[in-house]
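Heads up: numbering here begins at 1 and tracks the sequence.
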Amino acid sequence: MIDHSTDNGRSIAPIVTILETQMAQLDNLGAHIPAAYIDAAIQHLKISSG
């Protein structure tokens, strides 16, 4: 799990965990394009909080 904080001190870890769970579920269903969009959102959060 990620332990990054935003500028206001809030951790994004719970958001990333939820997104990673949704991404895995979509990937398991064969919905690879939606899963890729969620993966991109996760990467953006990691970079911007970083």
Side-chain angles (χ1 to χ4, degrees):
M1 186 151 81
I2 301 164
D3 191 23
H4 296 294
S5 296
T6 60
D7 290 339
N8 61 8
R10 293 186 185 174
S11 175
I12 65 163
I15 296 167
V16 172
T17 300
I18 291 167
L19 289 172
E20 288 174 336
T21 301
Q22 291 178 347
M23 181 181 63
Q25 290 171 343
L26 286 169
D27 201 38
N28 287 338
L29 292 171
H32 301 294
I33 293 173
Y37 280 104
I38 292 176
D39 185 45
I42 291 168
Q43 297 308 316
H44 180 73
L45 282 171
K46 288 179 181 180
I47 292 168
S48 66
S49 70

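Of all heavy-atom pairs between D27 and A35, the closest is N-CB, 4.1 Å.
Note that CG of N28 and CD of Q25 are 8.0 Å apart. Values are rounded to the nearest 0.5 Å.
Just one residue in the list I38, D39, I12 forms a side-chain contact (heavy atoms from CB on, under 4.5 Å) with L19, and that residue is I38.
Remark: I33 CD1 is loosely packed, at most 12 non-hydrogen atoms of other residues, nucleotides or ligands lying under 6.0 Å away.
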